[in-house]
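The structure appears below as structure tokens.
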Amino acid sequence: MKNFDITLLSATISIFFWLMSTLLTIQLLTSETKVFIWQNYLTLGCLLLASGIVSYLAYRSIRIWQNLSDNVFQKAVLIYFQQVTKGSFAIFLLSLGILPMFYRWADISDAPGVMILGLAICLLMLSVAFICLSFTKLYQKAVHLQKELAMVI
């Protein structure tokens with residue numbers, strides 16, 4: 001049952017990101033104004049790249065958790081955590097690409113709170129990246145302690 005839950009959660013997250021990318025693409029391609037606004041296309045590109053990263057990491061998590069044995073602290077899981085950390089930092093950098101769109105929205109509607117909302121989204125991505133980094137460091141220590149324990153026994 002756990003493998004099914006992880007598979008369902010990973011698929012749901014991937015589908016959400018791809019659906020948001022698809023909806024933004026449809027909106028940009030079918031808009032009435034044919035003015036090229038680079039902020040919209042930058043946001044679309046960042047969202048598509050983030051969708052690819054999330055989908056790849058979700059696929060890797062399904063594979064790792066399906067092959068997981070009783071020995072939880074494995075080298076493959078550590079490598080996966082490192083990939084998640086790098087992917088989280090990449091998604092944070094990509095989320096910086098949405099700030100020009102939020103700036104344009106704040107300028108058009110004369111509402112500076114919209115810009116704060118965009119900054120909050122970016123800082124949320126940064127906090128996820130730091131949490132993943134701390135989990136990676138803790139997991140490295142756990143793998144090292146498991147090797148030491150195996151040598152003692």
Membership question, hydrophobic clusters at under 4.5 Å side-chain separation (ILVMFWY): are [Y] and [X] in the same one?
| X | Y | answer |
| --- | --- | --- |
| V84 | Y56 | yes |
| L117 | F92 | yes |
| V114 | L119 | yes |
| Y80 | V128 | no |
| F16 | L94 | yes |

Inset, instruction - Output, in order, the C-alpha distance, side-chain angles, deciding distance and verdict of side-chain contact (heavy atoms from CB on, under 4.5 Å) for F89 and T85. - result: CA-CA 6 Å; F89 276 113; T85 303; 3.9 Å; yes

Inset, instruction - Please list all pairs passing the side chain to side chain donor-acceptor pair (under 3.5 Å) test where one or both residues lie in residues 15-24, with sequence neighbours left out. - result: W18-S55, S21-S51

Legend entry - Residue pairs, two or more places apart or on separate chains, that pass side chain to side chain donor-acceptor pair (under 3.5 Å) and touch residues 88-109: N40-R104

Nearest-0.5 Å distance, [atom1] of residue [X] to [atom2] of residue [Y]:
| X | Y | atom1 | atom2 | value |
| --- | --- | --- | --- | --- |
| Q82 | L133 | CD | CG | 10.0 Å |
| T25 | M20 | OG1 | CE | 11.0 Å |
| L93 | L126 | CG | CG | 9.0 Å |

Inset, instruction - For residues I53 and A90, report the shortest heavy-atom separation together with the two atoms involved. - result: CD1-CB, 3.7 Å

Inset, instruction - Go through E148 and H144 one step at a time and tell me if the side chain to side chain donor-acceptor pair (under 3.5 Å) criterion holds. - result: CA-CA 6 Å; E148 282 184 10; H144 180 69; 2.7 Å; yes

